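Here is the structure we will look at.
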Amino acid sequence: MTTLACTPDVSLNNDNFKPTRTEPLKVVFAGTPEFAAVSLEALIKQQQALNISIVAVYSQPDRKAGRGQKLAASAVKQVALAHDIAVEQPETFKKSSAEGLAARQTLQDYQPDVMIVAAYGLILPIGVLNTPTYGCLNIHASLLPRWRGAAPIHRALLAGDSETGITIMQMDKGLDTGDMLYKVSAIIESDDTAASLHDKMAELGATAIITVLQDLPHYQAQAIVQDDSQANYAEKLVKTEGEIDWTQSATVIERQIRGLTPWPGAYTFLAGQRVKILASLPVNASQPTDKQAGTVISVGRKAILIACGKDNNIDTDVNSEKPQASTLAITQLQFAGSKPVSAEQICHGNQLNDGDQFSKETK
């Protein structure tokens with residue numbers, strides 16, 4: 001297994017690379033959202049160079065989306081159809097149902113050599129994992145075993161991780177517990193949001209799976225077992241995680257804003273009305289306060305300064321009667337029923353004033 005820090009490049013990274021197989025490797029790709037679609041596009045472009053043939057694409061059934069709630073194809077399905085690749089959309093692979101048995105048979109009929117899985121969203125039973133000759137490979141957006149589960153990108157940001165990356169994993173019956181074939185790391189920048197990091201990881205995932213498919217037997221022979229003691233579970237996000245508790249430190253809240261952008265988004269309440277907090281500046285440890293958490297300290301053209309809870313990065317002022325708490329500089333927010341506005345726009349209006357109090361929702 002190789003661990004690298006690199007700039008994403010979905011082209012083959014070895015000019016002298018020549019596939020040793022005589023027949024193309026039959027690949028089935030399984031994925032649903034944009035994260036997976038990026039890898040699928042890259043693999044389609046590199047089919048001849050990699051000596052592979054993408055014989056089928058699996059994706060979640062079409063779901064209702066948008067204001068009209070019309071059925072919409074997933075990002076992966078759209079890519080597959082654009083390239084005339086067969087698309088399968090089973091609801092289940094469980095052998096306890098007729099549909100599941102039929103889905104298993106259809107997969108077997110494709111006679112896949114390997115199945116590439118990226119954010120598919122459907123549980124693959126052991127019988128499915130064992131169907132391809134070389135098993136199923138997962139493109140996972142974390143440096144396993146750091147974050148296993150549904151939301152590794154968001155959890156890395158919320159936890160304040162300094163780096164993350166992609167792991168190509170040999171799938172087994174556990175949740176992201178399989179042996180690691182290849183890892184590639186990337187720094188988490190101070191201004192990264194879940195949206196920007198998602199895009200970086202999508203490109204990095206495409207690079208990683210192409211690297212592995214250049215010599216799959218080699219990477220499988222060098223696979224490394226995960227250390228379960230280092231694993232954390234990246235739970236699926238829920239909307240209520242977006243509500244800001246201003247008694248938390250500015251550092252925690254700043255991570256919350258970035259880690260939950262664009263969904264579910266960080267929010268608070270002002271006089272009973274929901275206000276979305278869209279962006280803030282990095283925490284300035286030299287700006288402590290003795291104001292109550294959630295208090296609007298100042299409304300400036302560059303930022304709106306809000307009092308937060310005690311931060312371990314800020315020393316308590318021994319000469320102060322009250323503990324020194326942290327502050328957060330908000331640069332963009334959105335009032336209910338309005339468009340996003342910058343701090344400067346707010347400064348010229350009257351929707352927010354010094355001394356106003358942000359709070360949690362009143363039940």
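The basis for the numbers below is simple: all heavy atoms, side chains too, and nothing from hydrogens, waters or symmetry mates. Since the structure is predicted, the reported quantities are computational estimates derived from the model, not experimental observations.
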Side chains of [X] and [Y]: is there a donor and an acceptor less than 3.5 Å apart?
X    : Y    : value
Q89  : K77  : yes
Q226 : D179 : no
S298 : D354 : no
D62  : S74  : no
W147 : D161 : yes

Do [X] and [Y] make a side-chain contact, defined as non-hydrogen atoms from C-beta onward lying under 4.5 Å apart?
X    : Y    : result
T164 : L197 : yes
P217 : D215 : yes
V27  : I116 : yes
E203 : V38  : yes
Q345 : C347 : no
K200 : E189 : yes
L352 : L270 : yes
L143 : E163 : yes

State yes or no: do [X] and [Y] share one hydrophobic cluster built from I, L, V, M, F, W and Y residues joined by side-chain heavy-atom distances below 4.5 Å, directly or via other members?
X    : Y    : value
F358 : I346 : yes
L101 : L122 : no
I306 : I257 : yes
I330 : L281 : no
W246 : V252 : no

Of all heavy-atom pairs between [X] and [Y], which one has the smallest distance, and what is that distance?
X    : Y    : result
L204 : G165 : CD2-CA, 4.4 Å
E254 : P282 : OE2-CA, 4.5 Å
Q214 : L50  : CG-CD2, 3.7 Å
Y267 : K239 : CE2-O, 3.7 Å
S59  : V76  : OG-CB, 4.1 Å
L40  : A80  : CD2-N, 4.2 Å

Does [X] reach the main-chain N or O of [Y] with its side chain, forming a donor-acceptor pair under 3.5 Å?
X    : Y    : result
E235 : A151 : no
S53  : K26  : no
T327 : L305 : no
R148 : N232 : no
K360 : T268 : no
Q170 : Y134 : yes
T167 : L144 : yes
T295 : I297 : no
Q220 : L181 : no
D356 : N353 : yes

Should we say atom [atom1] of [X] is surrounded by more than 12 heavy atoms from elsewhere, each under 6.0 Å from it?
X    : atom1 : result
R301 : CZ    : no
N350 : CG    : no
I123 : CD1   : no
I187 : CD1   : no

| request: Measure the acute angle between the ring planes of Y110 and Y58, then classify it against the limits of 30° and 60° as parallel, tilted or perpendicular. | output: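 The rings of Y110 and Y58 stand perpendicular, inter-plane angle above 60°.
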| field | Partner of L328 by side chain to side chain contact (heavy atoms under 4.5 Å, CB included), out of I244, I277, I253, T251 | value |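 Going through the options one by one, the only one that passes is I253.
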| Qualifying residue, where the test is side chain to side chain contact (heavy atoms under 4.5 Å, CB included) with H83 and the options are E41, Q47, K45 |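 Checked E41, Q47, K45 against H83; only one passes side chain to side chain contact (heavy atoms under 4.5 Å, CB included): E41.
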Using 0.5 Å steps for rounding, measure from the [atom1] atom of [X] to the [atom2] atom of [Y].
X    : Y    : atom1 : atom2 : answer
S39  : I168 : OG    : CD1   : 7.5 Å
K173 : N130 : NZ    : CG    : 11.0 Å
K291 : C308 : NZ    : SG    : 14.5 Å
T177 : D228 : OG1   : CG    : 7.0 Å
Q334 : K276 : CD    : NZ    : 5.0 Å
R255 : L157 : CZ    : CG    : 10.0 Å

| task | Show your reasoning for whether salt bridge (Lys or Arg N to Asp or Glu O under 4.0 Å) applies to E241 and R155. | result | CA-CA 12 Å; E241 289 186 75; R155 298 302 171 191; 2.8 Å; yes
| request: Please say whether the positively charged group of R104, taken as NZ for Lys or CZ for Arg, lies over the ring of F93, i.e. under 6.0 angstrom from the six-membered ring centre and within 45 degrees of the axis. | output: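 No, a cation-pi geometry is absent between R104 and F93.
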| said: Run V296 and Q357 through side-chain contact (heavy atoms from CB on, under 4.5 Å) and show every step you take. | reply: CA-CA 6 Å; V296 177; Q357 186 73 34; over 6 Å; no
